[in-house]
Each structure stands twice: as C-alpha cells, then as structure tokens.
Amino acid sequence: MLFERKKYLNRLIAGRGNGMVKIVTGLRRCGKSFLLFNIFARWLVENGVAGNHVIGLSLDDFKNRKLRRPEVLLDYIDEKIKAASVSLKQGEEKSLTDKFYVILDEIQLVDEFVEVMLSLMHNPDVEVYVSGSNSKFLSSDVVTEFRGRGQEIRVHPLSVEEFITGTGKDFRLGLHEYFVYGGLPQVALLEAEEEKVNFLNEMYEVTYLRDVIERNHLRNAEGMREMISVLASGIGSSCNPKRIADTFKSAAQIRISDQTIKEYIGHLKDAFLINEALRYDVKGRKYIGTETKYFFEDMGLRNVVLGFRQVEETHIMENVIYNELRTRGYLVDVGLVEVWNRNADGKSARKNLEVDFVANKGSQRYYIQSAYALPTTEKTYQEERPLRNIGDSFKKIVIVNDDIILRRNDAGVVTMSIRDFLLDEHALER
C-alpha cells in the first residue's frame, strides 16, 4: 500500500531552481519525512540526480544531535558537497540534475536555522528543502525572515481521495473509516480497529499532547487536556476564549483566565493540531472578531481526545469539508449574512444567517453549506436561505452526504454529493 502524495511531490518538483528555501510544514506524523526522504529523493534519483547529490538529515535522530549546532551542520554539508563535486568549465552553470539537494528534517532543532539556510543559499548549486512540525518556527513569520527567499509547502494528513486510492477501499466504507480514524498515513496502514485506536491513543498522549506541554513549559497540563476536550466536543460551533473559560468554571469548577485559554489555543495552532475559521460579514465585507470556529487537522486525533464517544457524522462531515478546502489551497472563513425578519407584531428585526464556509483562492470564491441530508423541503430551504440572501455572483453550493447527481436550482444554488466533492479536486468548478 503506497500513498503517493502527488500534490505535494509536484509542488516540490516545481520549486526546483526558484532560488528559495522550500519549507515543508505540517502536523507531526502526517508524512512530511516520508515525502521528502522517500518520495521526493527517489524521484530525484530516478530523474537523473546522482545519489551522492542528495544530502538528507533527520535532525531529530539522536545520532545527529551534534549537527544541531549551526557551524557543525554547515561544515558537514560543505564536506559532503566537496566530496561529490565534479569540476566544470569556468562559467558553466549546473543543470537541475547536477545540483545538490539538501534535505533537513525538523530544522527547528538547529539554533539560528534561518541564518543557516540563508548561508546554504549563497551557493547557487544547492537546492534546500527543510521541514518542521511547529508553525511558530516554520510559518508565514519565518517565510518573512527568509527575506523573500522562503516558500512554504503545507502538508496535511491524507485527503479522502488519497486514502481511498491508496487503500483501495469502497468509498462509503472508506469514508466511514476516515470519519472515525482520520488520515494519518500510519493509522491508515493498520488493519484492525483496536490497532488504530491504540496507535492514536499513543500518538495523542506521547507525540502531540506531551510535545505541546513540554515545548511551551505549561504548568497546568490538566487544564490544556480539558480545553482540547472542549474544542473537540464543539467542532463546528462558534466559541471564544471567554466562553471556554466560562465552561470550565461552570462544568468543571476550574478557573482558567481568558488570556490563558487564548495562549493554549495558540499552542495547539502552532502544533498544527487545530485550525481557525474566522467569522466574515459577507455583505459588510469585514471580519467580526468576537467569535470563531475551530476544526481539527485530523479526525482520528479529534475522536481519540473524546474516547470515540462523540462520532457524530454531521459535525465530522463539516470538519472534513473544511480540511479538504484547506488542502486545496483555499482560505476558509465562516460567513454571516444579515437578513430582515418580520415578527408576529409586524415589526422587522435583523438576523444573521450562517454560511458554513466562504472559500477564497485568488479571484475564486465559493459559498458552501455542509448538509448531511436534505430529507424535507423545509430542510432544503433552511440550508439554502443564507446562500439565496448573499446577492453576489459567486457560486453557491450545498454539499450533501447522499449519492445524488449534481443539480442546480432556479436560484443558481448547486447541490452536489460528498463523493463528488471529495474525489474530484475540480468539483467546485463544475
């Protein structure tokens, strides 16, 4: 069973020769190392790059701990390049196959790693690829520190299409498994449910939770654990730090300040465990900063937090759609559309209707509703009403869990199946 990760491989290939450090980020155990050291390195050799021109290091490997010192790492790479170099005629430029490909995993373990990478980039014969699992070190802030010479490539857990294609499972059976156990490649490779549960438990406790607590020197580990549970239980629901703090106070008799909750959420975002969708006033064209929604990067990790007790496919489907949009490169917000309702006494009152997702990429925009089922005319009207009241010309879409044929109504609202959306990267354009 092989997950080819073609989308990310193609981005790595396309980035060759662009003069930038390729910064591969994402959740731990989502497949970054395998992508770089197996898929990409193999592609390089198969396409003409000499094996000794691919210099790869896993800096989280204990035996490489000495190489975490900047000067030692640079000397090591220089020696590797000198040992494999072939002299060229003066003024002759090396082709992409003649260049050296330096691949460094968990680069954030190296002090002053930005300066190290910039130093490597002074050699025009070197292409640099680095990865890390902490967005505080490897995110848009670091891309800025690279002074225009850093390109971020965000890797996500397996998409549903990658999961179905790689495992060869029937779509419906595969989708249910994905809803429950998520898309971490190592989990997908396991067959027995008990193995999947045990692996996810160990990964959550040892690899993710402990890493967040130790990296950020948190004193209240139990408070962080409880907050993750609150977020996991409320995926798809609007919240803010104050509301979460009030939940702690009333339900668990625990006092945690709004500011501490905000810091905890920041730590989880830095570790790529959760993502944030801001609330956007569609007609007013402005963000509303009072509340937001949080979605988990992987459904298996979300479900293991709750002991697999709240596997509600309605909310999980919404989370999976959000993740798929992010994987496809969209910026995703939660939309609010203001409408006027007439009360029983004849007076008009304002009301905000919610659009599950406002997905933007360049000049593209889609308004999307996630509806597990549309069993009645009333339910269909409820889901379509926010879309009908937007008033602009961008495409409006309702995604349902039923296996339906794509249709468009007289208001221009498109209804498509979750199968079509997840398995066809260009489904929104149809």
Side-chain angles (χ1 to χ4, degrees), residues 2-26 30-59 61 64 67 70 73-108 110 113-132 138-140 142-156 162 327-329 362 425:
L2 176 65
F3 304 111
E4 297 180 343
R5 315 311 304 267
K6 290 181 180 179
K7 179 196 298 287
Y8 307 113
L9 173 61
N10 289 337
R11 292 191 66 189
L12 293 172
I13 294 170
R16 295 191 306 157
N18 66 6
M20 296 186 179
V21 178
K22 272 62 74 173
I23 309 167
V24 180
T25 65
C30 74
K32 301 185 303 298
S33 300
F34 189 84
L35 169 68
L36 285 170
F37 291 118
N38 295 77
I39 298 175
F40 182 54
R42 184 178 68 240
W43 184 93
L44 289 171
V45 173
E46 289 175 350
N47 286 270
V49 178
N52 61 357
H53 279 225
V54 180
I55 304 168
L57 283 171
S58 297
L59 292 163
D61 191 326
N64 291 328
L67 298 176
L73 177 61
L74 286 172
D75 287 344
Y76 174 86
I77 295 171
D78 284 345
E79 287 302 317
K80 286 283 188 180
I81 291 174
K82 288 177 183 177
S85 290
V86 177
S87 61
L88 296 176
K89 295 178 182 179
Q90 186 174 4
E92 184 178 349
E93 292 186 6
K94 288 188 177 181
S95 67
L96 287 173
T97 54
D98 292 323
K99 285 193 171 188
F100 290 88
Y101 292 81
V102 176
I103 302 173
L104 303 174
D105 191 24
E106 301 298 349
I107 186 62
Q108 77 274 4
V110 177
F113 68 88
V114 172
E115 287 73 15
V116 171
M117 297 303 97
L118 290 175
S119 179
L120 286 172
M121 294 301 293
H122 288 157
N123 185 339
D125 297 330
V126 172
E127 294 284 315
V128 182
Y129 298 78
V130 300
S131 72
L138 293 169
S139 67
S140 57
V142 170
V143 173
T144 301
E145 287 187 47
F146 275 101
R147 303 162 200 163
R149 299 192 68 183
Q151 174 194 2
E152 183 177 14
I153 299 173
R154 173 73 181 275
V155 177
H156 299 270
E162 287 178 311
T327 298
R328 294 179 186 180
E425 185 173 357

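- Rounding to the nearest 0.5 Å gives a distance of 12.0 Å between CE of Met117 and CZ of Arg149.
- Expressed to the nearest 0.5 Å, how far CD1 of Ile107 lies from CD1 of Ile23 amounts to 10.5 Å.
- Atom CD of Gln108 is separated from atom OG1 of Thr25 by 11.0 Å, given to the nearest 0.5 angstrom.
- Scanning both residues, Arg16 and Leu44, for their nearest heavy atoms gives CD-CD2, 4.1 Å.
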Criterion side-chain contact (heavy atoms from CB on, under 4.5 Å) on Val116 and Leu74, from CA distance to verdict: CA-CA 7 Å; Val116 171; Leu74 286 172; 3.8 Å; yes
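- Atom CZ of Phe37 sits about 6.0 Å away from atom CD1 of Ile103, to the nearest 0.5 Å.
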side-chain contact (heavy atoms from CB on, under 4.5 Å) between Asn123 and Phe100, worked out: CA-CA 10 Å; Asn123 185 339; Phe100 290 88; over 6 Å; no
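- Heavy-atom minimum distance, Leu9 versus Leu35: N-CD1, 4.0 Å.
- Residues Val130 and Phe113 are not in side-chain contact: their nearest non-hydrogen atoms beyond the backbone lie 4.5 Å or more apart.
- Contact detail for Leu96 and Val49: the closest heavy-atom pair is O-CG2, 4.1 Å.
- Across every non-hydrogen atom of Gly51 and Val45, the tightest pair is CA-CG2, 4.2 Å.
- A donor-acceptor pair is defined here as one N or O able to donate and one able to accept, closer than 3.5 Å; no such pair exists between the side chain of Lys80 and the backbone of Ile55.
- Within the 4.5 Å cutoff, the side chain of Leu73 has heavy atoms near those of the Leu104 side chain.
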Full working for side-chain contact (heavy atoms from CB on, under 4.5 Å) between Gln151 and Arg11: CA-CA 10 Å; Gln151 174 194 2; Arg11 292 191 66 189; 4.2 Å; yes
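- Once rounded to the nearest 0.5 Å, the distance linking CG of Leu59 with CG of Asp105 reads 7.5 Å.
- A search for ring pair (Phe, Tyr, Trp, His ring centres under 6.0 Å) contacts involving Phe40 returns Tyr129, not counting sequence neighbours.
- Under a 3.5 Å cut-off, the side chain of Glu162 and the backbone N or O of Glu4 do not form any donor-acceptor pair.
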Chi angles and distances behind the side-chain contact (heavy atoms from CB on, under 4.5 Å) call for His156, Tyr8: CA-CA 10 Å; His156 299 270; Tyr8 307 113; 3.7 Å; yes
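- Between Leu12 and Val24 the shortest side-chain heavy-atom distance falls below 4.5 Å.
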Salt bridge (charged side-chain N to carboxylate O under 4.0 Å, His left out) between Glu425 and Lys7, worked out: CA-CA 11 Å; Glu425 185 173 357; Lys7 179 196 298 287; 2.9 Å; yes
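- With hydrogens and angles ignored, the 3.5 Å screen pairs a side-chain donor or acceptor of Lys32 with a backbone N or O of Gly26.
- We find the CD1-CG distance between Ile153 and Leu36 to be 8.5 Å, quoted to the nearest 0.5 Å.
- Between Val54 and Ala41, the shortest heavy-atom contact is CG1-CB, 4.1 Å.
- For the pair His53 (side chain) and Asp98 (backbone), a donor-acceptor distance under 3.5 Å is present.
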